[in-house]
Engineer: 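Dropping the structure in here first, questions after.
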Amino acid sequence: MEIVTKHFGTMEYTEEETVHFQDGLFGFENYKDYLPIPLEEDSDALICLQCIEDQEIAFILMNPFLLSSSYQPEISNADRKALGNPKDADISYYCICVMQDTLEDSSINLKCPIAVNALTRSARQLILDQPEYSFRHCIKDISSTRKKEDTHAGTAKKEKPVPGHKR
């Protein structure tokens, strides 16, 4: 299949590469199918989540565990069921970013991560019932905290990444 993307021009992709949101994303409930396009090959650190149905809709996602090893989303039973009851090891989490010209102005939403069943590629945007996470965390503040954590802690939680499109 072929798609015209917002940031990468025309690309070929297969149905197996897409992720499906049964309920859509918050504010984009009518759009269900997306193509994850890694910004760096074989890495899920930064992903462009391109909407299949509308080429103008694309989100920048970050793997939150690479940004902060202390990030610990707690998925509800209802959300887990909606994803097909995967094991924790089979759920990948990504957070939507709002990128600006500088890191000082860029933010990440740790309150509403995207959870993806890595086995079925079904996805769901969550709202965490954890007060330590908000809708807007400054990326610069988290990345500077991460540097401090690296000197005192082990490696970040390694979840199963969802393979993205090969550019």
Engineer: Tell me yes or no: between the side chains of Asp44 and Tyr94, is some donor less than 3.5 Å from an acceptor?
Structural biologist: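 Their side chains do contain a donor-acceptor pair, which is all the 3.5 Å distance test asks for.
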
Engineer: With no hydrogens and no angle check, is any side-chain donor or acceptor of Lys111 less than 3.5 Å from a backbone partner on Leu128?
Structural biologist: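 Such a contact is found between Lys111 side chain and Leu128 backbone.
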
Engineer: Please determine if Arg80 and Asp88 form a salt bridge, counting it only when a charged side-chain N lies under 4.0 Å from a carboxylate O.
Structural biologist: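 Looking at Arg80 and Asp88, the cut-off is met.
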
Engineer: Run Phe21 and Asp33 through side chain to side chain contact (heavy atoms under 4.5 Å, CB included) and show every step you take.
Structural biologist: CA-CA 6 Å; Phe21 291 82; Asp33 296 306; over 6 Å; no

Engineer: Does atom CG (Asn85) have a neighbourhood of more than 12 heavy atoms from anything else shown, all under 6.0 Å?
Structural biologist: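 It does: Asn85 CG has more than 12 such atoms within range.
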
Engineer: Show the numbers, then the answer: is there a side chain to side chain contact (heavy atoms under 4.5 Å, CB included) between Phe59 and Phe28?
Structural biologist: CA-CA 11 Å; Phe59 301 94; Phe28 298 86; 3.5 Å; yes

Engineer: Do other residues, nucleotides or ligands put more than 12 heavy atoms under 6.0 Å from Glu2 CD?
Structural biologist: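 Yes, CD of Glu2 has more than 12 neighbouring heavy atoms, counting only those of other groups under 6.0 Å.
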
Engineer: Shared ILVMFWY cluster between Met1 and Phe8, side chains joined below 4.5 angstrom?
Structural biologist: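 Linked within one cluster.
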
Engineer: Donor-acceptor pair, Arg121 side chain versus Thr18 backbone, under 3.5 Å?
Structural biologist: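 Indeed, once roles are kept as given, a pair shorter than 3.5 Å links the two residues.
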
Engineer: Identify the residue among Leu35, Ile114, Ile37 that makes a side-chain contact (heavy atoms from CB on, under 4.5 Å) with Leu49.
Structural biologist: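 Exactly one candidate clears the test, Ile114.
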
Engineer: Give the minimum heavy-atom separation between Cys97 and Met62, together with the two atoms involved.
Structural biologist: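 Of all heavy-atom pairs spanning Cys97 and Met62, the closest is SG-CG, 3.1 Å.
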
Engineer: Is the side chain of Asp79 donor-acceptor paired with the backbone N or O of Leu126 at a distance under 3.5 Å, no angle test?
Structural biologist: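 Side chain of Asp79 to backbone of Leu126: no pair is present.
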
Engineer: Considering all heavy atoms of both residues, which atom of Leu110 and which atom of Tyr71 are nearest to each other, and what is their separation?
Structural biologist: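 Leu110 and Tyr71 have their closest heavy atoms at O-OH, 2.8 Å.
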
Engineer: To the nearest 0.5 Å, what is the distance between CD (Glu17) and CD1 (Ile52)?
Structural biologist: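 Rounded to the nearest 0.5 Å, the CD-CD1 separation comes out at 9.0 Å.
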
Engineer: Taking the side chain as every heavy atom from C-beta outward, state whether Pro36 and Tyr13 have any atom pair closer than 4.5 Å.
Structural biologist: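 No. Closest side-chain heavy atoms not under 4.5 Å.
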
Engineer: Can you confirm whether Pro38 sits close enough to Ser43 that some side-chain heavy atom of one is under 4.5 Å from a side-chain heavy atom of the other?
Structural biologist: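 Side chain of Pro38 against side chain of Ser43, heavy atoms only: no contact under 4.5 Å found.
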
Engineer: Assess the residue pair Asn117 and Ser122 against the criterion (side chain to side chain contact (heavy atoms under 4.5 Å, CB included)); give the C-alpha distance rounded to whole Å, side-chain angles, the decisive distance to 0.1 Å, and a yes or no.
Structural biologist: CA-CA 5 Å; Asn117 180 330; Ser122 65; 3.7 Å; yes

Engineer: Does a side-chain heavy-atom distance below 4.5 Å link Tyr31 with Leu25?
Structural biologist: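 No - every pair of side-chain heavy atoms lies 4.5 Å or more apart.
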
Engineer: Determine whether a donor-acceptor pair (N or O, by modelled atom type, separation under 3.5 Å) exists between the side chain of Gln50 and the backbone of Lys6.
Structural biologist: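 At least one qualifying donor-acceptor pair exists.
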
Engineer: Is there a donor-acceptor contact under 3.5 Å from the side chain of Glu29 to the main chain of Gly27?
Structural biologist: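 Yes: the side chain of Glu29 pairs with the backbone of Gly27.
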
Engineer: Kindly give the heavy-atom pair with the smallest separation between Lys32 and Gln22, and that separation in Å.
Structural biologist: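 Heavy atoms only, the tightest pair is NZ-O, 2.9 Å.
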
Engineer: Can you tell me how far OG of Ser76 sits from NZ of Lys81, rounded to the nearest 0.5 angstrom?
Structural biologist: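 Lys81 atom NZ to Ser76 atom OG measures 11.5 Å (nearest 0.5 Å).
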
Engineer: Could you pull out the closest heavy-atom pair between Pro64 and Tyr93, with the gap in Å?
Structural biologist: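 Smallest heavy-atom distance, with atoms named: CD-O, 3.2 Å.
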
Engineer: Is Ile96 close to Leu61 at the side-chain level, that is, under 4.5 Å between some pair of heavy atoms?
Structural biologist: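 Yes, their side chains come closer than 4.5 Å.
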
Engineer: Would you say Gln125's side chain and Cys112's backbone share a donor-acceptor pair under 3.5 angstrom?
Structural biologist: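 Yes: the side chain of Gln125 pairs with the backbone of Cys112.
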
Engineer: Rounded to the nearest 0.5 Å, what separates atom SG in Cys95 from atom CG in Asn109?
Structural biologist: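 Atom-to-atom, Cys95:SG and Asn109:CG are 7.0 Å apart.
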
Engineer: For the pair Gln130 (side chain) and Gln72 (backbone), establish whether a donor and an acceptor sit closer than 3.5 Å, ignoring hydrogens and angles.
Structural biologist: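 Judged by distance alone, yes, a pair lies under 3.5 Å.
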
Engineer: Tell me, with the steps shown, if Ile75 and Ile91 meet side chain to side chain contact (heavy atoms under 4.5 Å, CB included).
Structural biologist: CA-CA 10 Å; Ile75 188 168; Ile91 301 174; 4.1 Å; yes

